[in-house]
Novice: 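Dumping the structure here so I can ask a few things about it.
Since this is a predicted model, take the numbers as computed values, not measurements.
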Amino acid sequence: MTNHNGKINIVLNRERKPLKVTHIQHPEPSYTPTNHAVLKDIEKELAELVGLQEMKRIVKEIYAWIYVNKKREDVGLKAQKQVLHMMFKGNPGTGKTTVARLIGKLFCDMNVLAKGHLIEAERADLVGEYIGHTAQKTRDLVKKAFGGILFVDEAYSLARGGEKDFGKEAIDTLVKHMEDKQHDFILILAGYKREMEEFLRTNPGLVSRFPIIIDFPDYTVEELMEICQRMLREREYQFSNEAEWKIKEHLIQIKETLLPTAFSNGRYIRNILEKSIRSQAMRLLSTERYERKDLMTLEAKDLVLTW
């Protein structure tokens with residue numbers, strides 16, 4: 001302050017008001033369709049699959065991993081290419097092949113793979129009949145998979161057969177190409193959980209070559225019923241109340257008595273529905289009833305339960 005004689009008075013205020021600390025609520029990580037359209041498309045397709053929550057989480061994690069790696073490249077940081085070979089462990093009908101196709105599409109859309117196509121193979125496609133034949137068959141199959149995914153189902157069968165079996169040659173050839181051509185294609189080995197774990201123990205170097213291992217658990221009865229309802233809606237059918245109760249009781253009994261490895265999960269549901277639809281068609285043909293409700297409804301007597 002300046003007084004009347006021109007002097008400047010400085011007033012020090014020693015009283016300080018307490019500082020208010022406001023905790024900022026950070027929003028949950030999110031993304032918008034405009035800058036993550038690829039992920040949104042994949043999530044939409046994943047949503048069509050019943051269950052498999054762990055697998056869905058890992059797919060999003062892989063997307064984030066690749067996306068952030070590209071952002072590091074954009075700002076001049078080191079961004080080494082990632083090895084994306086995978087192993088799927090689970091019983092039949094748990095969605096392994098379907099997920100492999102979706103991953104191929106995701107990697108193609110993200111420019112990780114040039115084509116994103118899926119080459120399905122089994123032991124007979126890899127193992128030859130004489131010395132040298134196996135290596136050549138395996139190399140040819142890998143070349144077909146360049147730009148996409150080579151999906152080998154029941155891969156553990158390659159390690160069976162003893163010393164004179166050519167399955168080991170197929171494994172050795174695959175391992176070599178996984179290293180030499182690791183960014184040209186993605187190898188996915190699939191099979192029963194226990195057998196795949198035994199398969200890994202036959203070659204100590206295999207574990208480190210598969211950074212992504214995904215378990216595909218068996219579906220619960222509730223999940224199998226949801227799969228059933230989705231298949232029905234897709235085909236424009238519906239169960240009567242009695243039919244719905246009958247198939248649910250049947251699934252409960254199967255889950256309690258049948259070995260998990262002997263049950264084909266979603267595939268079993270599809271087979272039941274296809275047989276039951278044919279059974280319904282025969283019933284309608286014999287009764288000459290073709291009203292809309294009749295054409296849509298599967299009755300309990302239509303169900304063809306194979307166990």
Novice: Can you check whether L295 reaches Y237 side chain to side chain, under 4.5 Å on heavy atoms?
Specialist: no
Novice: Is it true that the side chains of D218 and N265 contain a donor and an acceptor less than 3.5 Å apart?
Specialist: yes
Novice: In Å, rounded to the nearest 0.5 Å, how long is the span from CZ of R209 to CD of Q182?
Specialist: 10.0 Å
Novice: Would you say that more than 12 heavy atoms from the other residues, nucleotides or ligands in this model lie under 6.0 Å from the NZ of K248, or not?
Specialist: no
Novice: Has the side chain of S276 got a donor or acceptor atom that lies under 3.5 Å from a matching backbone atom of I272?
Specialist: yes
Novice: Among all residues two or more places apart in sequence or in another chain, which pass the salt bridge (charged side-chain N to carboxylate O under 4.0 Å, His left out) test with E274?
Specialist: none
Novice: Within a 6.0 Å radius of atom CD on E236, are there more than 12 heavy atoms belonging to other residues, nucleotides or ligands?
Specialist: no
Novice: Give a yes or no on whether L305 and M225 share a hydrophobic cluster (residues Ile, Leu, Val, Met, Phe, Trp, Tyr; joining criterion: side-chain heavy atoms under 4.5 Å apart).
Specialist: yes
Novice: Are the charged groups of R283 and D302 less than 4.0 angstrom apart, N to O?
Specialist: yes
Novice: Donor-acceptor pair, distance only, cut-off 3.5 Å: does the side chain of K255 make one with the backbone of Y219?
Specialist: yes
Novice: Under 4.5 Å between side-chain heavy atoms, counting indirect links through other Ile/Leu/Val/Met/Phe/Trp/Tyr residues: same cluster for F151 and V83 or not?
Specialist: no
Novice: Does N241, at its CG atom, have more than 12 non-hydrogen atoms belonging to other residues, nucleotides or ligands within less than 6.0 Å?
Specialist: no
Novice: Considering residues, nucleotides and ligands other than E73, do more than 12 of their heavy atoms fall under 6.0 Å from its CD?
Specialist: yes
Novice: Roughly how far apart are I227 CD1 and L224 CG, rounded to 0.5 Å?
Specialist: 5.5 Å
Novice: Please confirm whether the backbone N or O of D294 pairs with a side-chain atom of Q280, one donor and one acceptor, at under 3.5 Å?
Specialist: yes
Novice: Considering only heavy atoms from C-beta outward, does the side chain of L298 approach that of L232 to under 4.5 Å?
Specialist: yes
Novice: Should the heavy atoms of other residues, nucleotides or ligands under 6.0 Å from CH2 of W65 be counted, would the total exceed 12?
Specialist: yes
Novice: Taking all atoms of both residues into account, what is the closest heavy-atom pair of A145 and L150, and its distance?
Specialist: CB-CB, 3.7 Å
Novice: Just wondering, do V152 and I188 contact through their side chains at under 4.5 Å, heavy atoms?
Specialist: no
Novice: Using a 3.5 Å distance criterion without hydrogens, assess whether the side chain of K96 forms a donor-acceptor pair with backbone atoms of N91.
Specialist: yes
Novice: Considering only NZ, NE, NH1 and NH2 on the basic side and carboxylate oxygens on the acidic side, decide whether R123 and E154 come within less than 4.0 Å.
Specialist: no
Novice: Report the distance from atom CD of E222 to atom CD1 of I252, rounding to the nearest 0.5 Å.
Specialist: 7.5 Å
Novice: Could you tell me if the side chain of M296 sits less than 4.5 Å from the side chain of K293, heavy atoms only?
Specialist: no
Novice: Check E61 with R57, please: is the shortest side-chain N to carboxylate O separation under 4.0 Å?
Specialist: yes
Novice: Give the minimum heavy-atom separation between R267 and P92, together with the two atoms involved.
Specialist: NH1-CB, 3.8 Å
Novice: Would you check if the side chain of K137 reaches a backbone N or O of A124 as a donor-acceptor pair within less than 3.5 Å?
Specialist: yes
Novice: Is there a side-chain contact between W245 and F239 in this structure, where contact means two heavy atoms from C-beta onward sitting under 4.5 Å apart?
Specialist: no
Novice: Should the heavy atoms of other residues, nucleotides or ligands under 6.0 Å from CD of E288 be counted, would the total exceed 12?
Specialist: yes
Novice: For R230 and E226, run salt bridge (Lys or Arg N to Asp or Glu O under 4.0 Å): C-alpha distance rounded to whole Å, both residues' side-chain angles, the deciding distance at 0.1 Å, then the answer.
Specialist: CA-CA 6 Å; R230 290 189 185 196; E226 186 178 344; 2.8 Å; yes
Novice: Same hydrophobic cluster for L273 and V304, using side-chain heavy-atom links shorter than 4.5 Å among ILVMFWY?
Specialist: no
Novice: Looking at E120 and R101, is any side-chain nitrogen of the basic one under 4.0 Å from a carboxylate oxygen of the acidic one?
Specialist: yes
Novice: Using distance alone, with no hydrogens and no angle criterion, decide if Q136 and D140 have a side-chain donor and acceptor under 3.5 Å apart.
Specialist: yes
Novice: Hey, does Y67 have a side-chain heavy atom less than 4.5 Å from the side chain of I62?
Specialist: no
Novice: Quick check: is V207 connected to M196 through a chain of hydrophobic side chains (ILVMFWY, heavy atoms under 4.5 Å apart)?
Specialist: yes
Novice: Take L102 and V59 through the side-chain contact (heavy atoms from CB on, under 4.5 Å) test and state the conclusion after the steps.
Specialist: CA-CA 9 Å; L102 287 177; V59 169; over 6 Å; no
Novice: Kindly assign one of parallel, tilted or perpendicular to the pair F146 and F185, based on the angle between their ring planes and the thresholds 30° and 60°.
Specialist: tilted
Novice: Under 4.5 Å between side-chain heavy atoms, hopping through other hydrophobics if needed: is there a path connecting L284 to I277?
Specialist: no
Novice: How about M282 and R278: do any of their side-chain heavy atoms sit closer than 4.5 Å?
Specialist: no
Novice: Are E43 and K56 close enough for a salt bridge, meaning some N to O gap below 4.0 Å?
Specialist: no
Novice: Roughly how far, to the nearest 0.5 Å, is the CD atom of E244 from the CD atom of Q229?
Specialist: 5.0 Å
Novice: Quick one: closest heavy-atom pair of L187 and H85, and the distance?
Specialist: N-ND1, 3.0 Å
Novice: Could you go through K105 and E45, starting from their C-alpha distance and side-chain angles, then the distance that decides it, and tell me whether this counts as side-chain contact (heavy atoms from CB on, under 4.5 Å)?
Specialist: CA-CA 11 Å; K105 180 180 183 299; E45 295 193 54; 3.2 Å; yes
Novice: Atom OG1 of T97 and atom CZ of F216: how far apart are they, to the nearest 0.5 Å?
Specialist: 9.0 Å
Novice: Stepwise, does the side-chain contact (heavy atoms from CB on, under 4.5 Å) test hold for L39 with K60?
Specialist: CA-CA 7 Å; L39 179 58; K60 293 177 189 177; 4.2 Å; yes
Novice: Please tabulate, for side-chain N and O atoms in residues 170-178, each donor-acceptor pair with protein atoms closer than 3.5 Å (sequence neighbours left out).
Specialist:
from	atom 1	to	atom 2	distance (Å)
D172	OD2	K168	NZ	3.2
T173	OG1	E169	O	2.8
K176	NZ	D180	OD2	2.5
H177	ND1	T173	O	3.0

Novice: Take atom CZ in R289; do more than 12 heavy atoms of anything else shown fall under 6.0 Å from it?
Specialist: no
Novice: Output, in order, the C-alpha distance, side-chain angles, deciding distance and verdict of side-chain contact (heavy atoms from CB on, under 4.5 Å) for E242 and E299.
Specialist: CA-CA 7 Å; E242 186 183 356; E299 303 286 350; 5.6 Å; no
Novice: Is the backbone N or O of G90 less than 3.5 Å from a side-chain atom of T94, with the two atoms forming a donor-acceptor pair by type?
Specialist: no
Novice: Could you grab the distance from atom CD1 of I119 to atom NZ of K144, nearest 0.5 Å is fine?
Specialist: 7.0 Å
Novice: Backbone N or O of V38 within a donor-acceptor pair of the D41 side chain at under 3.5 Å?
Specialist: no
Novice: Is the shortest heavy-atom distance from the side chain of M110 to the side chain of Y63 under 4.5 Å?
Specialist: yes
Novice: Which pair of non-hydrogen atoms, one from S240 and one from A300, has the smallest distance, and what is that distance?
Specialist: OG-N, 3.9 Å
Novice: Give me the atom names and distance for the closest heavy-atom approach of L49 to M55.
Specialist: CD1-CE, 4.2 Å
Novice: Can you name the nearest heavy-atom pair linking K193 to D215, along with the distance?
Specialist: CE-OD1, 3.9 Å
